[in-house]
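Worksheet: the structure to be examined is printed underneath.
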Amino acid sequence: MKLKALLKYLYQYHVYGEQNPTISSIEMDSRKVTKGSLFVCIKGYTVDGHDFALEAINRGAAAILAERKVHVKDDIPVIIVKNTKRAMAILADAFYGQPTHKLHLIGVTGTNGKTTTTHMIEKILKEAGKNTGLIGTMYIKIKEKQYDVKNTTPESLTLQSMFKKMIDENVTNAVMEVSSHALHMGRVHGCDFDVAVFTNLSQDHLDYHHTMDEYRNAKGLLFAQLGNAYHHEKPKFAILNGDDLASKYYEHMTSAHIITYGIDAECDIMAKNIKMSATGTMFTLVTPDGTYPVQMKLVGKFNVYNVLAAISATLVSGISIETILKAVQSLEGVRGRFELVNEGQNFTVIIDYAHTPDSLENVLKTVKQFVDHKIFVVIGCGGDRDPSKRPKMAQVAVKYADVPIFTSDNPRSEDPLAILKDMESGVEGEYFHSIVNREQAIYFAIANAKKGDCIVIAGKGHETYQQIGSETFEFDDKKVAVHAIRELRSKHGKNQEGK
Ligand SMILES: CC(=O)N[C@H]1[C@@H](OP(=O)(O)OP(=O)(O)OC[C@H]2O[C@@H](n3ccc(=O)[nH]c3=O)[C@H](O)[C@@H]2O)O[C@H](CO)[C@@H](O)[C@@H]1O[C@H](C)C(=O)N[C@@H](C)C(=O)N[C@H](CCC(=O)O)C(=O)O
Ligand SMILES: Nc1ncnc2c1ncn2[C@@H]1O[C@H](COP(=O)(O)OP(=O)(O)OP(=O)(O)O)[C@@H](O)[C@H]1O
Ligand SMILES: N[C@H](CCC[C@H](N)C(=O)O)C(=O)O
Ligand SMILES: [Mg+2]
């Protein structure tokens, strides 16, 4: 695509330089620039991309997009805009041929349950025979092929290029997690969402959003961005959790059709007569078109909410209720979400990604419903993340677990002992253990669990690494738990039936 053709998509800009090169790619990282790239200078949180303009030119960049004049050689065009991130999203959408206009796109936002709900939606769409794409915390998936990701919602460049790839591979339906960071930073500008889903709102990310109001408003952008015009061929839907107060606010933010789901409040789509056991959940699904019995293997009230959200989103996407119910019946859990570790031991071990006070409470409450013996929880809090959630997570752990064990999550640039102190400050005078080394904390729990007890290892779920300082080590809660069970069994004969 020629530079001048691309620039037609921008509104206010100034160009220095006369050339009109063919743009072969758009890059925001100088290290990825190749011959003919348009390099976008982004002022980041750690470094300023403007400082890499010359490096980009040396690697063959054909043009530079910047917020201020940068020193470049020859007469390489430099385009100046007010906000390069915003302009990049517009250009990425244009460069890749506006792929989301050709896809049915469902976006899921909310503090907890995004990964779980998007996987449920993907499963239902597959059951309906659709070619699917999925973008989220664990990976980007195009049909069956997975690609690694750094963020839950990637930058606009990655996003739009992956949507283009989906189109090239005949994907018709895509579902993605939309984080509050992404909404606030404009990573999803240019995405033409058809359905926007809200799971729930509780405390997280206050390091970034400062207040709960700001955090709630950031999520609201997804609903505000649904478009203001009604097209009967491409209707837009907001799927809102009627049991969460924030939904009232989102109702006002969107002009899309609103479908509510819930358990307690009167909603369009409801779950009634919920019956839970340790091995599954049954309920009556109430929809405007009829009631249906539902049976699923997943446990926990929170998963009823997730499945109601998934059912609502796929119903408005034109999937038949029969197909939806068939898919729901065979839903398996997502890796690292309430995942059981079964090595034949005589106590239960659950790996879970709960890393907020609310999700930890949900998981521990669910466990408490089914476990008569002691509950252990191994929990840490991430470094360089909202410090005010640390004492609250510790309080939840102490409230629900008989043996709370505080440890490290991903300390990142922070002192692991200082993070533990923040947690401990919420539960002074209470009973708990603090073991800074996560492996030792897991071993301690497994060494002390008795027949019938339950250990919840929370916070890292599917993660296979631990980031301490600037180093990233291999670390997988599940593998560590399996090792511990096997090692303690071979050493002491522990964990066998009766011991
Ligand atoms: C605070 C934040 O969001 N940071 C994001 C940001 O990084 P940054 O601002 O530090 O970037 P930077 O390193 O300063 O670089 C600035 C620019 O210089 C460029 N550069 C840099 C070095 C170089 O040699 N050449 C070069 O061109 C970079 O490519 C970039 O364009 O831009 C990066 C690239 O897109 C993101 O990966 C990164 O997310 C980091 C990893 C992060 O932790 N983000 C979290 C807070 C986040 O976004 N989380 C949400 C929600 C999670 C959830 O609840 O599910 C998410 O969506 O993941
Ligand atoms: N609807 C829900 N309400 C509250 N807690 C939930 C809900 N669904 C899942 N959880 C809990 O939150 C954890 C994370 O779930 P999930 O990965 O689906 O959320 P997420 O919103 O994608 O998180 P992230 O912000 O990290 O992307 C789960 O392991 C579970 O403990
Ligand atoms: N998406 C969340 C994940 C937190 C997971 C936890 N293990 C941590 O590293 O803090 C975040 O980036 O805040
Ligand atoms: Mg997620």
Side-chain angles (χ1 to χ4, degrees), residues 27-33 39-53 55-56 59 84-85 88 108-120 135-138 149-159 176-185 187-188 199-202 204-205 207-208 241 243-244 298 300-309 333-339 350-366 379-386 389 408-412 419 456 458-463 465-467 477:
E27 300 294 350
M28 59 179 279
D29 187 335
S30 57
R31 292 159 291 196
K32 292 188 183 157
V33 166
F39 176 64
V40 184
C41 305
I42 306 270
K43 193 169 177 343
Y45 288 86
T46 39
V47 293
D48 186 348
H50 291 80
D51 297 336
F52 300 97
E55 184 191 315
R59 284 174 170 271
T84 43
K85 237 183 193 177
M88 177 172 79
V108 180
T109 197
T111 307
N112 294 307
K114 299 183 294 299
T115 299
T116 312
T117 305
T118 50
H119 278 80
M120 290 173 168
I135 296 177
T137 311
M138 292 171 61
V149 287
K150 195 161 147 201
N151 290 100
T152 288
T153 311
E155 276 300 343
S156 56
L157 278 181
T158 309
L159 256 185
M176 69 181 286
E177 293 182 52
V178 189
S179 69
S180 55
H181 292 85
L183 285 158
H184 189 255
M185 291 182 203
R187 292 180 197 158
V188 291
T199 60
N200 48 62
L201 184 80
S202 65
D204 202 6
H205 303 311
D207 52 326
Y208 182 85
N241 178 347
D243 290 341
D244 193 305
L298 307 187
K301 191 176 175 189
F302 58 92
N303 272 322
V304 176
Y305 280 105
N306 293 337
V307 86
L308 286 176
V334 181
R335 167 98 171 89
R337 275 84 182 153
F338 219 89
E339 185 181 359
I350 297 169
I351 308 290
D352 190 81
Y353 198 45
H355 52 265
T356 66
D358 181 62
S359 56
L360 190 61
E361 181 158 25
N362 278 303
V363 165
L364 293 178
K365 256 190 193 165
T366 304
I379 178 75
C381 296
D384 303 333
R385 294 288 185 275
D386 185 358
K389 69 177 176 178
S408 301
D409 190 289
N410 291 308
R412 302 192 175 87
I419 298 177
V456 178
K460 290 180 58 60
H462 63 281
E463 291 175 2
Y465 60 87
Q466 189 176 25
Q467 206 183 326
D477 281 353

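Since the model is a prediction, treat every value here as computed from it, not as a measurement. We're numbering straight along the sequence, starting at 1. In listed order, ligands and their atoms are each counted from 1.
Checking only distances, Arg385 does come within under 3.5 Å of ligand 3, N or O to N or O. For ligand 2, none of its N or O atoms has an N or O atom of Asn303 under 3.5 Å away. On a distance-only criterion, Asn410 and ligand 3 share at least one N/O pair closer than 3.5 Å. Residue Gly113 has at least one N or O atom closer than 3.5 Å to an N or O atom of ligand 2. For ligand 3, the polar-atom distance check against Asp409 finds a nitrogen or oxygen pair separated by under 3.5 Å. Residue Lys460 has no nitrogen or oxygen atom sitting less than 3.5 Å from a nitrogen or oxygen atom of ligand 3, judged on distance alone.
Residue contacts with ligand 1: Met185 is included, with a non-hydrogen atom under 4.0 Å away. At least one heavy atom of Arg187 sits under 4.0 Å from some atom of ligand 1. In this structure, Arg385 is part of the shell of residues with a heavy atom less than 4.0 angstrom from ligand 1. Using a 4.0 angstrom heavy-atom cutoff, Phe39 counts as in contact with ligand 1.
Ranked by closest heavy atom to atom 24 (P) of ligand 2, the top entry among Glu339, Lys114, His462 is Lys114. The nearest non-hydrogen atom to atom 2 (C) of ligand 3, considering only His355, Gln466, Glu463, comes from His355.
With a heavy-atom cut-off of 4.0 Å, Gln467 does not touch ligand 3 at all. The residue Lys43 has no part lying near ligand 1, judged by heavy-atom distances below 4.0 Å.
The closest protein non-hydrogen atom to atom 6 (C) of ligand 2 is Asn112 CB, 3.5 Å. Summary of contacts: the protein heavy atom closest to atom 27 (O) of ligand 2 is Thr137 OG1, 2.9 Å. When only non-hydrogen protein atoms are considered, atom 31 (O) of ligand 1 lies nearest to Met28 O, 2.9 Å. Of the protein's non-hydrogen atoms, the one nearest atom 18 (O) of ligand 2 is Thr116 OG1, 2.5 Å.
Atoms of ligand 1 lying under 4.0 Å from at least one heavy atom of Asp29, given by number and element, are 25 (N), 26 (C), 27 (O), 29 (O). Heavy-atom contacts of Gly382 reach the following atoms of ligand 3: 10 (O) (cutoff under 4.0 Å). Numbered from 1 in the order shown, with element, the atoms of ligand 2 that lie under 4.0 Å from a heavy atom of Asn306 read 1 (N), 2 (C), 7 (C), 8 (N), 9 (C). Near Ser30, the atoms of ligand 1 lying under 4.0 angstrom from a non-hydrogen atom of the residue are 23 (C), 24 (O), 25 (N), 26 (C), 27 (O). Those atoms of ligand 2 that come under 4.0 Å of a heavy atom in Thr111, given as number and element, are 21 (O), 25 (O). Here is the list of ligand 1 atoms found below 4.0 Å of a heavy atom in Gly44: 9 (O), 14 (O), 16 (C).
Summarising the geometry of Thr109 relative to Val178, their closest heavy-atom pair is OG1-O, 2.8 Å, with the distance given to 0.1 Å.
Between Cys381 and Asp409 the shortest side-chain heavy-atom distance does not fall below 4.5 Å.
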